[in-house]
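First up is the structure itself, then whatever we jot down about it.
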Amino acid sequence: MELIQQLINGLLQGSLYSLLAIGFTLIFGVLSMMNLAHSEVFMTSGIMVYILIDKVHLPLYAAVPIVLAGSIALGMVIELVSFRPIRRDYHYAPLASTIALGIVISELVVNLSGSDAKSVPSVIHLSNLQIGEVLISSPQMILLLVSLVSMLGLSYIMKSTKLGRSMRALSESETAAKLLGVHVRFVVVSTFVLASLLAAVAGMLYAIRFETVSPFMGTMVGLKGLAVMIIGGLGNIRGAMIGGILMGLLEVMAIALPLGLTEYADAVVWGMLILILLFRPTGLMGSSVQTERV
Amino acid sequence: MEQSIFIFAGINIILALSLYVTMATGQLSLGHGAFMALGAYVSSILTVHFSIPLVLSFLAGAAAAALVGFAIGFPALRIKGIYLAVGTLGFNEMIEVVLRNVDYIGGASGLSGMSGTTLANVAVGTVVVLAAVLYMNRTRLGWAFKAVEQDEVAAQSMGLNVTFFKICAFTISAGIAGIAGAYYAHYMFFIDPQSFGFHTSLLILFYVLIGGYQTPWGAVTGAFLLTLIPEIFRGLEEWRLVVYGIIIVVMMAVRPQGLISEKTVKTIRSRFARKQRQSPSSISSLR
Amino acid sequence: MTAILEVKAASAAYGQIQALRDVNLDVYEGEVVALIGSNGAGKSTLLKTISGIIRPTNGEIRFNGAPIHQEQTHVIVKSGLVHVPEGRAILKRMTIEDNLLTGGMYASKHDTPHLLAHVYDIFPLLRDRRQHPAGTLSGGQQQMLAIARGLMAQPKLLMLDEPSLGLAPLVIKEIFGLIQTLKASGMTILLVEQNARQALRIADRGYVIENGGIKLADRANALLHNDMILQAYLGGAHSA
Amino acid sequence: MLNIQNLSKRFGGMDVISGLNLHVKAGRIHSIIGPNGAGKTTLFNLITGLYKPDSGDIRFEQTLLNPLKPHRIAKLGISRNFQNIRLFSHMTVEENLRMGQGTQISFGLSSLIPYLHGNKRQSLEGELERVLDLLCFERKRDLPASQLSYGEQKRLEIGRAVCSGAKLILLDEPAAGLNPEESAQLNEFILTIRDHGVTVLLIEHDMSVVMKISDIVTVINFGQKIAEGTPQDIRHHPAVLEAYLGSEEEEAV
Amino acid sequence: GSADTKPASAPSANQEKTATAKPIKIGFLVPKTGKGKDYGEKEEIATKIAVDEINAAGGINGSKLELVTEDTAGDNKQAVLLTRKLEKENVVAISGPHFSGEAEVTFPIANELKIPIISYASAKPGISAANRPWAFRNSMTDDKLLSTALPVFAKHYNVKKFAVIYDEKDAVSKSAGVDVLPVAIEKNGFEWVNKSNPLAIKTGDTDYSAIVTKVKGMKPEAIAVSVLYQEGAGLVKELRRQGVNVPIIGTVGIYASAFPKLAGEAAKDIVVGTYWYPEIDRAQAQEFLKKFEPEAVKLTPDASKPDPYAVNAYDNIQIIAKQLKDAGLNGDSDVKKLRETVRSGWEKLKDYEGTQGKMTIDAEGDGVKEVHTVTIKDGNYAPLK
Ligand SMILES: Nc1ncnc2c1ncn2[C@@H]1O[C@H](COP(=O)(O)OP(=O)(O)OP(=O)(O)O)[C@@H](O)[C@H]1O
Ligand SMILES: Nc1ncnc2c1ncn2[C@@H]1O[C@H](COP(=O)(O)OP(=O)(O)OP(=O)(O)O)[C@@H](O)[C@H]1O
Ligand SMILES: [Mg+2]
Ligand SMILES: [Mg+2]
């Protein structure tokens, strides 16, 4: 019973990583560049939930659209300042730029709302689901469903729609994409909008589930999201989903199984990442077909 | 200004140079905090527990880091780009967890009692490392690194052993980071695993990217500026980091190749060397 | 005849390097125009400038009467001016069919299957391998894909930058045949070719570009028999 | 000099090279022609070790190349250019050529020792100037490779291969992107290096090059040899006409 | 040492008003940005209250007290830099730094430069002991707090089977979880259910479901948590969510004015040993609170009560001022002498009556104070009864 509970714990915990990683991977999949400020969108949406509900006293249904809009705006700002001015040749630059932007965002939040964690009032109490002895947190269940749905939806979009093909074309070569008629700015902005939406949903559900938000909550989760993206394979949406669940399960199992690994939970997770890379240098679902001809 | 700043600047310059060396072969590492940690811990244990002379302990720290760098170099061969960056970040995190749990070196509580870093010996170290990297860059070894960075397949076909050069770069780089770690430990009197977490690695990346990853001068400039800037902006109080971040974002937007690019160095150099350069070419055009 | 493409006194530069100087060029509807010149003369640069990949520093470019030198590339492509670049610009990780579909981005849902079938008929080899990543194709096969992809966009004006590059003689013949067929079907073509002789044979008019400037413009036939051209670009007179 | 026996290579269930035998004699210009996708570039990749053969032997002057890494093979004296240009794009023309000399002088740790190989370096300098001169790159020697036009890049790649001082040079479509005048110059160039004792294995679709300078031509299709002989033989070979050249017409030079 | 005082400078009220002597500078290392910002801001408020009180009462023997505040951002490197900087500015003593990591790096420097440094928050055992004689901490370490609080807690709830959960990343929490708590549990003859099976979380974690499921399976009667309060709040919430309703005892890290609100409804039956809580029955404390809260509420409306650290920071200034005043020194005196006075004053500090009852500095340089075992009632800390 305890093991089943732990498996569920892992699954639910992983869904958060999945959702963030899908955002990461989506952006990478289009720009071939990393957006390390992505996890700050997650954090900001959590903080926004807190401010709107605890300070402005809005009901949840009124807060949600505002948070979504705010996160999309933030995503677009990130695109505007850290990606748009930078040409592809300098693909390292967005690394520094987005880390710095992440610092700016989180420091702004700290300055405006304090460095402490904040407790989010439980405006809607989503009660836990109890199946037999197994306890399932409803917000996390929703998180899992959202990740699944967005994975399926986005995979479909990437594979079979005009937008998806444009995204993939763009990720390979901006010039080629332009010559084929891809509206580069539109595609890039849409990607950021999509990714930010996912991060916002993650942030909100996180706030509801843990009833706590903090200006630093993006860092650790973001790092894991990054690892998940790599485990899944850059740009691979299904990979991100599976990687997230895998990471959640592994993290939980490091604690749950009597192997004396609780203190090493992180080492286990990162160790897995390294192992996977050793055997599959482009992640679990990254393409292993060599497309680079000599 | 307080001399500590220059000590930190020196240490950071060494770190930036160390990352520059791996990046010269196109390997992006976010694990340099770990190499720094190795240098710091090994040298500290030697001076604190075994009273080994400072210089020897530093060399041992560098050697230990280089050895691990060598070992990491092999798996790194197959892993490229962002995969390598995140993989090394994972390595950094793992080393941190391990250090946290080894009681002999103080675990999470850290290790203290080191001393000996002075402005003078940091200055010497910085200059020596910089000179070494600059020299290396001008030798064929440096050219080989660049070739590997730009096109591995072509480099192989030129007879360059890509494996060797990549591992060589990782080893040298880790060794240099180890030296920086040793300096750091013996200045701070105290080290703990958290001092070398991924934040440190990211900072090192910052130095190199802001200054410019194409030349050692860029790395030096980046490290120096980014050490100074926060001090200059101390008056801004809590807005300091915000401004710091904004400056970096703006810098990257304006100069994505970093402040000092290869071109900058060339321009400066040719300005100094204009006269010598012109004479031979005019002779050959007369011919 | 109306000029479908007018380039007026266009200049372009890569940073400090001036690559085009006051180029004037017209392409009339239904024509095949050949652009020839030696390595580094600026042929590719001119095409890139027309398709909006690089911005002209001076001058004016009009397509169908409307100025396009400030437009973004995708708008230009949408309006029917399609550029098949040198170096192919294949999307290596995408399958061949996805490459083609991306090329046919603005075709209607209804037209797409017909278009696909059409280009597959021209290049049957692509059909055989349509689910393979385009990056695995051989050099010449990639060139075919690039041309096919250009056709998918149903251009009014097609700019081909060295379409014969890397193709076997037999296929080159087919390509030149194709250009004539396209012309017959009403497409206008601006052709950059090193294979100048063949290019001029199927072209109506030709331009010679040198050091970033147009040096000569004339009917193709006249160019073919111009001694200077023969010497400089057609590999000498002896083979005429 | 180069001896290939029963060579095979498959990609995803497709025989790209199957049972190929090839014999390249020293001091010759040996051309390989064949339709697109025939496996010519793959053959080069196999010889230079970038791909490993599924079966068959490749021997270079008695040395079995199969197990060797690409850089070892290069050091034995085989250099090449690439069909899809692979220059060191951030290096200047001169630096690219210098990298080409990687096979002649150690680029390893020993290069850290100053004044080692002084004489060797000097002679390499001279050679470099000569190649710059031959390829008319003097004016552009300090330009980054990325700023050259396609044709210029193509030429630079050839120069880089030549700089290696190799005994066998593999050229993959060197004339692609050159105009007739320039390919005529290329012909001269290739003949010059042949006269310096270098063996050239040449892939080319431009018949004005192949027919003019080749000593021997091998035609392959679907990874198999379909014909071999002098240019004259090949020009009229029915299988070649059918698969590759098309109807016989004005290719005559 | 009244012998040092020149007869002419005999204390007089009018002289002090004109403040003829040079001001006395005190350095203040505080995290005003980064992870410790919310703590730091309150510590600054408290420190300023103390400085204002002293200056309003006429300063120190004709000198005004001048505070030189420096923001460490919780970063060791900056703490090092700033300690040296403060020494150059001729401050008489340094109050701070906040974090133990910062204390680790600044204490040796203070020792080397011979300047008294008094941390108001660091709680990792042994740091002051390693840096005698110039380093002090006006805070109490876990060993001292728990030896009092644990038996009280166990008796109150009548529990004997403990599970211990600690934060393996935070040095203070880890040492309490690995060294202090087990000793205290076994010394009292209690059972430690996860002895062979350490339960660790780490700073920055947010999802505690796995560890809680595991604890649940062990069926302890009580849980001792050695974690910081932010993680602590999440942890107790998850414990309660999974129906683990046993009483909980926390270490130093979990006491925070923000904790009750953060833990919300889960903050039941949570006990912690402390030397300070706002309801403490002392006139000086209530006086201080009256000045403190109106300022703090502007910054953090949810947690306007001072943490022990802010109170210590206040006391630090008061104690230093008293030492200098008693010694009859002012800003014109030799800075070396001033520093030595403060140092020896701290070394000898015994039964000082500040905001928190009698406090003494022990031989290791750490504070020893009266320990109160408190629990959370109606969102506030109150004695466990
Ligand atoms: N990206 C670039 N940056 C700087 N200069 C460039 C760049 N691309 C081309 N050039 C320069 O511009 C000039 C014209 O180049 P362009 O590519 O247009 O030549 P081209 O006529 O197409 O030659 P080719 O027949 O070799 O393709 C050349 O001298 C070249 O050096
Ligand atoms: N890495 C690979 N993966 C899959 N298929 C490959 C790979 N390399 C080559 N091929 C296939 O092998 C065949 C031969 O390719 P190769 O490049 O050798 O042809 P080629 O003779 O050089 O043609 P071209 O004249 O067009 O350059 C092609 O069909 C190609 O798609
Ligand atoms: Mg061109
Ligand atoms: Mg080929």
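Here is how names work: the chains are called A, B, and so on, in the same order as the sequence lines, proteins then strands, and each is numbered from 1.
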With only heavy atoms counted, which part of [X] is less than 4.5 Å from chain E, the side chain, the backbone, both or neither?
X: A:Asp54; result: side chain
X: A:Tyr264; result: neither
X: A:Glu107; result: side chain
X: A:Leu257; result: backbone
X: A:Ala256; result: backbone
X: A:Phe216; result: side chain

Neighbour count above 12 (heavy atom, 6.0 Å) for [X] [atom1]:
X: E:Lys268; atom1: NZ; result: no
X: E:Lys377; atom1: NZ; result: yes
X: A:Lys55; atom1: NZ; result: yes
X: A:Glu133; atom1: CD; result: no

Nearest 0.5 Å, what's the [atom1]-[atom2] distance between [X] and [Y]?
X: E:Ser209; Y: A:Arg209; atom1: OG; atom2: CZ; answer: 6.0 Å
X: A:Ile255; Y: E:Ile201; atom1: CD1; atom2: CD1; answer: 9.5 Å
X: A:Glu2; Y: E:Thr213; atom1: CD; atom2: OG1; answer: 7.0 Å
X: A:Asp266; Y: E:Asp205; atom1: CG; atom2: CG; answer: 7.0 Å

Exercise for the section: Flag the one option from E:Gly34, E:Gly204, E:Ala233, E:Ala258 with the top tally of heavy-atom pairs under 4.5 Å to chain A. Expected result: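 Going by pairs under 4.5 Å, I would pick E:Gly34.
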Exercise for the section: Using a 4.5 Å cut-off on heavy atoms from C-beta on, say whether the side chain of E:Thr203 contacts that of A:Met220. Expected result: no
Handout entry: Heavy-atom contact with chain A under 4.5 Å, split by part of E:Gln242
Key = both
Handout entry: E:Lys216, part contacting chain A, at a heavy-atom distance under 4.5 Å
Key =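 Contact with chain A: none, neither part.
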Problem - Backbone of A:Ser119 reached by a side-chain donor or acceptor of E:Lys261 within 3.5 Å - result: no
Exercise for the section: Give a yes or no answer on whether the side chain of A:Ser115 reaches the backbone of E:Asp38 with a donor-acceptor pair at less than 3.5 Å. Expected result: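 Yes; at least one donor-acceptor contact below 3.5 Å.
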Handout entry: From CA spacing to verdict: side-chain contact (heavy atoms from CB on, under 4.5 Å), E:Ile211, A:Thr262
Key = CA-CA 9 Å; E:Ile211 200 103; A:Thr262 24; 4.2 Å; yes
Completion exercise
For A:Gly114 and E:Lys37, the nearest pair of non-hydrogen atoms, with its separation, is CA-NZ, 4.3 Å
Problem - Side-chain donor-acceptor contact under 3.5 Å, A:Glu263 with E:Tyr166 - result: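 A donor-acceptor contact under 3.5 Å links the two side chains.
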Problem - Side-chain H-bond candidate by donor/acceptor type, E:Tyr229 with A:Asp116, under 3.5 Å - result: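 The criterion, which ignores hydrogens and geometry beyond distance, is satisfied for A:Asp116 and E:Tyr229.
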Practice task
Could you tell me which residues in residues 135-146 of chain A have at least one non-hydrogen atom under 4.5 Å from a non-hydrogen atom of chain E, sorted by residue number?
Solution key: A:Leu135, A:Ile136, A:Ser137, A:Gln140
Problem - Lys/Arg-Asp/Glu bridge criterion (N-O < 4.0 Å) met for E:Arg241, A:Glu211 - result: no
Handout entry: Partner residues of A:Leu250 under the side-chain contact (heavy atoms from CB on, under 4.5 Å) criterion, sequence neighbours left out
Key = A:Val268, A:Met272
